[in-house]
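For reference, the structure discussed in these notes is given below.
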Amino acid sequence: MIKKTLALLSFLFVVFVLAGCGADEQKEEQKESQKSPSGDLAPLEEEATVVIAEDGAASGAGFYIAEEKGYFDDYNIDIKFTTFANSDDMLPALAAGEVDIAGGVSTASFFNAIAQGIDVKIIADKGHYYDGNSYFSFVIREDLQGEIKDYADLKGKRIAVSSKNAVDDYIYHRMLDHAGLTEDDVELVLMSDFGNMLAAMGNKSIDAALQIEPLITQGESEGLHVRFGDATDYAPDAQIAMVLGSPSFVEKETDVSLRFMAAYLKGVRDYNDAFLHDDGLDEVIDIMTKHTALKDPEIWKKVGVTGLDPNGEMFVDDIKKQFEMYDANGAISGDIDFNDAVDTSMTEKVLEIIGRYEK
């Protein structure tokens, strides 16, 4: 009887010890979770504010999603969005550290600002093409489908483009090269407002246009134009927009900037999951309708969306080609050291921590 009692006590002791160990392990796991809710980098000891110049463009999806899903909060980062009337005001503020992050597109004036001493860093992708479903591509008048069947058929046509010596102009010339056409073979119509291109299609004052979403989808639904081929036919590796960083944020505030980039890429990955793999699509569309001018969830399911690289990688060689074209046009004053202007070190460090997106 005594032996049985001792055996029972011994068994209960072991059970209590194991239960205690399990409880201790659970407490440790909870502590670790509190230390690093993101599962990778621990949050900052003191909250940091990051100011982003963003005007509600669809290409800001990574910022919006990371904000709404709490990825910035996980790192104790508070996001403040601000807007500027134009990049001429935004770039000096970015260089001075008054703004930490901004979106930028390739233009001669952008490169001229850098060449003339405005120090900003090109750090990650903020807009490229998804194969076969470009968000920024050519359309032709709906009634010209029977006449314009190939790019070469654009000869003699009036083509609207929003600007010269900017990424629009670059894409336009890539298309002409692909078609075997020269500038003299077509009539360029500069039209800075994409909305006006819809009206010009309606009154037949233009034949084709380099148009952008959601106006591509809108014009199709109204019977004004149809998509014509796809920009990936002639510019598959075009870098349309970039994430820009202030030098102080990128090079000095590394604890903050590293965590910012990790949160941003997580937002971009959710965006890719949603639009490319239909994973969490409704949630992401809700976020996009909240932060952008396109408020109709059903239209979001139809438009060609902005390409955003889930690893933050850019087509750097294409950025250089755009610069070279503007320079050849005589629109550049000065030179740029791209090894200094393009800084991907922060993105590369983050990928070592959170891993690469491989879907």
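For the numbers below, each heavy atom of this structure counts, side chains included, while hydrogens, waters and symmetry mates do not.
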Taking C-beta and beyond as the side chain, do [X] and [Y] meet within less than 4.5 Å on heavy atoms?
{"X": "F110", "Y": "V105", "answer": "no"}
{"X": "L210", "Y": "F194", "answer": "no"}
{"X": "Y264", "Y": "M261", "answer": "yes"}
{"X": "I354", "Y": "L265", "answer": "yes"}
{"X": "D131", "Y": "D230", "answer": "no"}
{"X": "L215", "Y": "V139", "answer": "no"}
{"X": "L294", "Y": "M288", "answer": "no"}
{"X": "D177", "Y": "Y172", "answer": "no"}

Residues [X] and [Y] bridged, charged N to O under 4.0 Å:
{"X": "R269", "Y": "D279", "answer": "no"}
{"X": "E251", "Y": "K121", "answer": "yes"}
{"X": "K266", "Y": "D74", "answer": "no"}
{"X": "K80", "Y": "D78", "answer": "yes"}
{"X": "D282", "Y": "K301", "answer": "yes"}
{"X": "R259", "Y": "E47", "answer": "no"}
{"X": "R141", "Y": "D207", "answer": "yes"}
{"X": "K290", "Y": "E67", "answer": "no"}
{"X": "E54", "Y": "K126", "answer": "yes"}

Which heavy-atom pair separates [X] from [Y] by the least distance, and what is that distance?
{"X": "L351", "Y": "E313", "answer": "CD1-OE2, 4.3 Å"}
{"X": "S36", "Y": "P43", "answer": "CA-CD, 4.0 Å"}
{"X": "I118", "Y": "P92", "answer": "CG2-N, 4.3 Å"}
{"X": "A166", "Y": "T107", "answer": "CB-CG2, 3.7 Å"}
{"X": "P247", "Y": "D119", "answer": "CD-O, 3.1 Å"}

Could you walk me through whether D169 and R174 pass the salt bridge (Lys or Arg N to Asp or Glu O under 4.0 Å) check?
CA-CA 9 Å; D169 195 17; R174 290 286 294 268; over 6 Å; no

Give a yes or no on whether the backbone of [Y] and the side-chain of [X] come within a donor-acceptor separation of less than 3.5 Å.
{"X": "T289", "Y": "D286", "value": "yes"}
{"X": "Y271", "Y": "T306", "value": "yes"}
{"X": "D40", "Y": "I353", "value": "no"}
{"X": "D233", "Y": "G229", "value": "no"}
{"X": "S246", "Y": "A95", "value": "no"}
{"X": "E213", "Y": "T217", "value": "yes"}
{"X": "D125", "Y": "D309", "value": "yes"}
{"X": "Q322", "Y": "Q239", "value": "yes"}
{"X": "E147", "Y": "L144", "value": "no"}
{"X": "D168", "Y": "K164", "value": "no"}

Going only through I, L, V, M, F, W and Y residues with side-chain contacts under 4.5 Å, is there a path from I216 to Y129?
yes

[Y] versus [X], side-chain donor and acceptor atoms under 3.5 Å:
{"X": "D185", "Y": "T182", "result": "yes"}
{"X": "E68", "Y": "H291", "result": "yes"}
{"X": "T344", "Y": "E348", "result": "yes"}
{"X": "N76", "Y": "E46", "result": "no"}

What's the verdict on side-chain hydrogen bond (donor to acceptor under 3.5 Å, both in side chains) for Y170 and N165, showing C-alpha distance, side-chain angles and the deciding distance?
CA-CA 7 Å; Y170 174 74; N165 291 313; over 6 Å; no

Would you please classify the geometry between the [Y] ring and the [X] ring as parallel, tilted or perpendicular, with 30° and 60° separating the classes?
{"X": "F260", "Y": "F249", "result": "perpendicular"}
{"X": "F111", "Y": "Y326", "result": "tilted"}
{"X": "F338", "Y": "F323", "result": "perpendicular"}
{"X": "H178", "Y": "Y151", "result": "perpendicular"}

Is the distance between the ring centroids of H128 and Y130 less than 6.0 Å?
yes

Can T83 and D55 be said to form a side-chain hydrogen bond (donor to acceptor under 3.5 Å, both in side chains), step by step?
CA-CA 6 Å; T83 59; D55 60 359; over 6 Å; no

Step through the shown structure and confirm whether more than 12 heavy atoms of other residues, nucleotides or ligands are within 6.0 Å of CD on E45.
no

Got more than 12 heavy atoms from elsewhere within 6.0 Å of NZ, K302?
no

Inter-residue atom distance D270.CG - L308.CG, 0.5 Å rounding
12.0 Å

Using side chain to side chain contact (heavy atoms under 4.5 Å, CB included) as the criterion, point out the one residue from V342, V243, L244 that pairs with I123.
V243

